[in-house]
Amino acid sequence: MINLTIDNKKIEAEAGRTVLEVARENGIVIPTLCDHESLEPTGSCRLCVVEAKQGKRARIVTSCLYPVAEGLTVDTKSERVMNVRRLVLQLLLARCPESEQLREMAAEMGVAPEPRFTPDKDNVKCILCRMCVRTCEKIVGVSAIGFSYRGTEKNVCTPFQEESSTCIGCGACAYVCPTGHIEMETSEKGDIRKIWGRTFKMQTCKVCGRYFAPEDQLAYISRKAEIPAEDLAVCISCR
Ligand code: SF4
(Lines give C-alpha, C1' and ligand atoms only; values in the text may rest on other atoms or scores of the structure.)
Protein backbone atom coordinates (compact mmCIF):
# COMPACT_ATOMS: atom_id res chain seq x y z
CA MET A 1 0.00 0.00 0.00
CA ILE A 2 1.11 3.56 -0.59
CA ASN A 3 0.17 6.90 0.95
CA LEU A 4 -0.92 9.95 -0.99
CA THR A 5 -3.02 13.06 -0.54
CA ILE A 6 -5.95 14.05 -2.70
CA ASP A 7 -7.61 17.42 -2.04
CA ASN A 8 -5.89 17.56 1.39
CA LYS A 9 -7.31 14.15 2.31
CA LYS A 10 -4.72 11.56 3.39
CA ILE A 11 -5.40 8.33 1.55
CA GLU A 12 -3.95 4.83 1.56
CA ALA A 13 -4.18 3.12 -1.82
CA GLU A 14 -3.05 0.03 -3.63
CA ALA A 15 -0.05 0.58 -5.92
CA GLY A 16 -0.97 0.34 -9.60
CA ARG A 17 -4.36 2.06 -9.26
CA THR A 18 -5.01 5.31 -11.09
CA VAL A 19 -5.65 8.65 -9.42
CA LEU A 20 -9.19 8.67 -10.84
CA GLU A 21 -10.01 5.24 -9.37
CA VAL A 22 -8.61 6.12 -5.95
CA ALA A 23 -10.32 9.53 -5.89
CA ARG A 24 -13.69 7.92 -6.72
CA GLU A 25 -13.29 5.27 -4.05
CA ASN A 26 -12.78 8.09 -1.58
CA GLY A 27 -15.82 10.08 -2.65
CA ILE A 28 -13.90 12.70 -4.64
CA VAL A 29 -15.67 13.53 -7.90
CA ILE A 30 -13.58 14.15 -11.01
CA PRO A 31 -15.55 14.82 -14.22
CA THR A 32 -14.97 12.59 -17.21
CA LEU A 33 -16.80 11.66 -20.40
CA CYS A 34 -14.76 8.74 -21.70
CA ASP A 35 -14.33 6.52 -18.67
CA HIS A 36 -16.10 3.17 -18.30
CA GLU A 37 -15.38 0.42 -15.79
CA SER A 38 -15.37 -2.24 -18.52
CA LEU A 39 -12.88 -0.46 -20.78
CA GLU A 40 -9.22 0.40 -20.41
CA PRO A 41 -8.77 4.16 -19.89
CA THR A 42 -7.50 6.18 -22.85
CA GLY A 43 -7.53 9.78 -21.63
CA SER A 44 -9.48 10.81 -24.74
CA CYS A 45 -11.76 13.50 -23.34
CA ARG A 46 -9.10 15.16 -21.13
CA LEU A 47 -11.75 16.43 -18.72
CA CYS A 48 -10.35 14.41 -15.82
CA VAL A 49 -7.18 16.49 -15.60
CA VAL A 50 -5.79 17.11 -12.11
CA GLU A 51 -2.67 18.73 -10.71
CA ALA A 52 -0.17 16.15 -9.44
CA LYS A 53 2.74 17.23 -7.24
CA GLN A 54 5.71 15.03 -6.51
CA GLY A 55 8.39 16.87 -4.52
CA LYS A 56 8.73 20.34 -6.04
CA ARG A 57 7.34 19.33 -9.40
CA ALA A 58 3.67 20.02 -10.14
CA ARG A 59 2.07 19.17 -13.44
CA ILE A 60 -1.28 18.70 -15.07
CA VAL A 61 -2.02 15.04 -15.79
CA THR A 62 -5.02 12.98 -16.90
CA SER A 63 -6.18 11.23 -13.74
CA CYS A 64 -7.63 8.21 -15.57
CA LEU A 65 -4.13 7.26 -16.77
CA TYR A 66 -1.92 8.59 -13.98
CA PRO A 67 -0.88 6.01 -11.36
CA VAL A 68 -0.88 6.80 -7.66
CA ALA A 69 2.57 6.97 -6.04
CA GLU A 70 4.02 7.25 -2.55
CA GLY A 71 4.00 10.87 -1.36
CA LEU A 72 1.97 12.12 -4.35
CA THR A 73 -0.18 15.18 -3.69
CA VAL A 74 -3.15 15.68 -5.98
CA ASP A 75 -5.35 18.72 -6.34
CA THR A 76 -8.49 18.04 -8.34
CA LYS A 77 -9.94 21.55 -8.27
CA SER A 78 -7.04 24.03 -8.24
CA GLU A 79 -7.37 27.17 -10.33
CA ARG A 80 -4.90 25.74 -12.83
CA VAL A 81 -6.93 22.53 -13.11
CA MET A 82 -10.21 24.39 -13.55
CA ASN A 83 -8.71 26.64 -16.23
CA VAL A 84 -7.50 23.62 -18.22
CA ARG A 85 -10.83 21.82 -17.76
CA ARG A 86 -12.77 24.89 -18.94
CA LEU A 87 -10.54 25.20 -22.00
CA VAL A 88 -11.04 21.50 -22.83
CA LEU A 89 -14.78 21.96 -22.45
CA GLN A 90 -14.75 25.01 -24.73
CA LEU A 91 -12.92 22.98 -27.38
CA LEU A 92 -15.39 20.11 -27.05
CA LEU A 93 -18.27 22.59 -27.30
CA ALA A 94 -16.74 24.01 -30.46
CA ARG A 95 -16.97 20.54 -31.98
CA CYS A 96 -20.36 19.63 -30.50
CA PRO A 97 -22.31 22.81 -29.71
CA GLU A 98 -25.61 20.90 -29.64
CA SER A 99 -24.60 18.30 -27.07
CA GLU A 100 -26.87 18.57 -24.02
CA GLN A 101 -24.32 16.70 -21.94
CA LEU A 102 -21.59 19.23 -22.74
CA ARG A 103 -23.91 22.18 -22.18
CA GLU A 104 -24.86 20.82 -18.75
CA MET A 105 -21.19 20.36 -17.84
CA ALA A 106 -20.47 23.87 -19.09
CA ALA A 107 -23.17 25.27 -16.79
CA GLU A 108 -21.70 23.35 -13.82
CA MET A 109 -18.21 24.69 -14.53
CA GLY A 110 -19.24 28.25 -15.24
CA VAL A 111 -18.42 28.03 -18.95
CA ALA A 112 -20.65 29.95 -21.38
CA PRO A 113 -22.66 27.40 -23.42
CA GLU A 114 -22.04 29.38 -26.59
CA PRO A 115 -18.76 28.14 -28.12
CA ARG A 116 -15.75 30.40 -27.61
CA PHE A 117 -14.20 28.83 -30.71
CA THR A 118 -15.90 28.61 -34.08
CA PRO A 119 -17.92 25.37 -34.27
CA ASP A 120 -16.60 22.85 -36.78
CA LYS A 121 -20.07 21.92 -37.94
CA ASP A 122 -23.63 22.18 -36.74
CA ASN A 123 -25.50 19.35 -35.09
CA VAL A 124 -22.52 17.14 -34.34
CA LYS A 125 -22.62 15.46 -30.95
CA CYS A 126 -19.60 13.15 -31.28
CA ILE A 127 -16.57 14.09 -29.19
CA LEU A 128 -14.48 11.28 -30.78
CA CYS A 129 -13.96 9.59 -27.43
CA ARG A 130 -13.90 6.11 -29.07
CA MET A 131 -16.07 4.57 -26.35
CA CYS A 132 -18.48 3.13 -28.94
CA VAL A 133 -15.75 1.75 -31.18
CA ARG A 134 -13.86 0.18 -28.28
CA THR A 135 -17.02 -1.31 -26.78
CA CYS A 136 -17.98 -2.85 -30.11
CA GLU A 137 -14.49 -4.28 -30.57
CA LYS A 138 -13.38 -5.23 -27.05
CA ILE A 139 -16.61 -6.09 -25.28
CA VAL A 140 -19.08 -7.18 -27.95
CA GLY A 141 -16.34 -8.52 -30.22
CA VAL A 142 -17.80 -7.64 -33.61
CA SER A 143 -15.97 -4.43 -34.67
CA ALA A 144 -18.95 -3.21 -36.67
CA ILE A 145 -17.97 0.48 -36.45
CA GLY A 146 -14.81 2.56 -36.71
CA PHE A 147 -13.56 6.01 -37.62
CA SER A 148 -13.44 7.51 -41.10
CA TYR A 149 -11.73 10.64 -42.46
CA ARG A 150 -9.41 12.99 -40.56
CA GLY A 151 -9.40 16.34 -38.80
CA THR A 152 -12.76 18.07 -38.57
CA GLU A 153 -14.28 15.48 -40.93
CA LYS A 154 -13.39 12.55 -38.69
CA ASN A 155 -16.48 10.62 -37.65
CA VAL A 156 -17.64 7.29 -36.36
CA CYS A 157 -19.45 5.11 -38.86
CA THR A 158 -19.79 1.65 -40.35
CA PRO A 159 -17.16 0.54 -42.92
CA PHE A 160 -17.53 2.65 -46.10
CA GLN A 161 -20.60 4.18 -44.45
CA GLU A 162 -22.62 1.25 -45.72
CA GLU A 163 -24.88 -1.18 -43.91
CA SER A 164 -22.65 -3.22 -41.63
CA SER A 165 -23.03 -6.94 -42.13
CA THR A 166 -21.31 -7.62 -38.80
CA CYS A 167 -23.52 -5.37 -36.63
CA ILE A 168 -25.80 -7.46 -34.41
CA GLY A 169 -27.99 -4.55 -33.30
CA CYS A 170 -27.08 -4.91 -29.62
CA GLY A 171 -26.99 -1.13 -29.16
CA ALA A 172 -24.00 -1.26 -26.79
CA CYS A 173 -22.43 1.63 -28.73
CA ALA A 174 -25.48 3.81 -28.14
CA TYR A 175 -25.63 2.89 -24.45
CA VAL A 176 -22.00 3.88 -23.75
CA CYS A 177 -21.95 7.04 -25.89
CA PRO A 178 -21.67 9.92 -23.40
CA THR A 179 -23.23 12.49 -25.70
CA GLY A 180 -26.16 10.65 -27.28
CA HIS A 181 -24.67 10.89 -30.76
CA ILE A 182 -25.61 7.37 -31.87
CA GLU A 183 -29.22 7.10 -32.92
CA MET A 184 -31.05 3.94 -32.00
CA GLU A 185 -34.80 3.65 -32.47
CA THR A 186 -37.15 0.99 -31.22
CA SER A 187 -40.65 0.68 -32.66
CA GLU A 188 -43.58 1.43 -30.37
CA LYS A 189 -44.48 -2.26 -30.24
CA GLY A 190 -40.83 -3.14 -29.50
CA ASP A 191 -40.56 -5.61 -32.36
CA ILE A 192 -38.09 -3.59 -34.48
CA ARG A 193 -34.83 -1.82 -33.65
CA LYS A 194 -33.03 0.51 -36.04
CA ILE A 195 -29.38 1.40 -35.67
CA TRP A 196 -26.55 2.22 -38.09
CA GLY A 197 -28.99 2.21 -41.00
CA ARG A 198 -30.08 -1.35 -40.39
CA THR A 199 -33.35 -2.77 -39.14
CA PHE A 200 -33.27 -5.62 -36.64
CA LYS A 201 -36.11 -7.92 -35.68
CA MET A 202 -36.47 -8.35 -31.93
CA GLN A 203 -36.95 -11.71 -30.24
CA THR A 204 -39.91 -12.33 -27.92
CA CYS A 205 -39.36 -13.99 -24.56
CA LYS A 206 -40.93 -17.44 -24.64
CA VAL A 207 -42.12 -17.00 -21.03
CA CYS A 208 -43.53 -13.44 -20.80
CA GLY A 209 -43.87 -12.68 -24.52
CA ARG A 210 -42.01 -9.37 -24.24
CA TYR A 211 -39.59 -8.27 -27.01
CA PHE A 212 -36.18 -8.20 -25.35
CA ALA A 213 -33.18 -8.51 -27.73
CA PRO A 214 -32.39 -8.49 -31.45
CA GLU A 215 -32.55 -11.93 -33.06
CA ASP A 216 -29.11 -11.32 -34.61
CA GLN A 217 -27.59 -10.63 -31.20
CA LEU A 218 -28.99 -13.85 -29.72
CA ALA A 219 -27.80 -15.84 -32.75
CA TYR A 220 -24.31 -14.33 -32.28
CA ILE A 221 -24.24 -15.27 -28.57
CA SER A 222 -25.48 -18.74 -29.39
CA ARG A 223 -22.67 -19.24 -31.94
CA LYS A 224 -19.92 -17.72 -29.78
CA ALA A 225 -20.84 -19.33 -26.48
CA GLU A 226 -22.16 -22.57 -28.01
CA ILE A 227 -25.46 -22.21 -26.19
CA PRO A 228 -28.54 -23.70 -27.88
CA ALA A 229 -30.67 -20.88 -29.38
CA GLU A 230 -33.79 -22.03 -27.48
CA ASP A 231 -31.96 -21.52 -24.15
CA LEU A 232 -31.47 -17.87 -25.04
CA ALA A 233 -35.09 -17.21 -25.93
CA VAL A 234 -35.95 -16.15 -22.38
CA CYS A 235 -35.49 -12.54 -21.14
CA ILE A 236 -33.40 -11.73 -18.07
CA SER A 237 -36.46 -11.11 -15.88
CA CYS A 238 -37.88 -14.56 -16.63
CA ARG A 239 -34.66 -16.53 -16.17
S1 SF4 B 1 -20.32 8.37 -31.06
FE2 SF4 B 1 -20.36 8.74 -28.85
S3 SF4 B 1 -19.14 7.05 -27.98
FE4 SF4 B 1 -18.67 7.13 -30.18
S5 SF4 B 1 -16.83 8.40 -30.34
FE6 SF4 B 1 -18.61 9.75 -30.62
S7 SF4 B 1 -19.08 10.55 -28.56
FE8 SF4 B 1 -17.73 8.79 -28.29
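When a ligand or atom number is given, it counts from 1 through the structure's own listing order.
- Checked by atom type, the side-chain pair Thr179/Gln101 shows no donor-acceptor distance below 3.5 Å.
- Counting atoms of ligand 1 from 1 in the listed order, those under 4.0 Å from a heavy atom of Pro178 are 3 (S).
- Side-chain contact between Leu93 and Leu91 is absent, with no heavy-atom pair separated by less than 4.5 Å.
- Using a cutoff of 4.0 Å between basic side-chain nitrogens and carboxylate oxygens, Arg80 and Asp75 are not scored as salt-bridged.
- In this structure, CD1 in Ile182 is found 6.5 Å from CD1 in Ile195, a value given to the nearest 0.5 Å.
- Among protein atoms, those of element N, O or S found less than 2.8 Å away from atom 4 (Fe) of ligand 1 are Cys132 SG.
- Both the sub-6.0 Å distance and the 45° axial angle are satisfied by Lys154 relative to the ring of Phe147.
- Take Asp7 and apply the salt bridge (charged side-chain N to carboxylate O under 4.0 Å, His left out) test, not counting sequence neighbours, and it matches Lys77.
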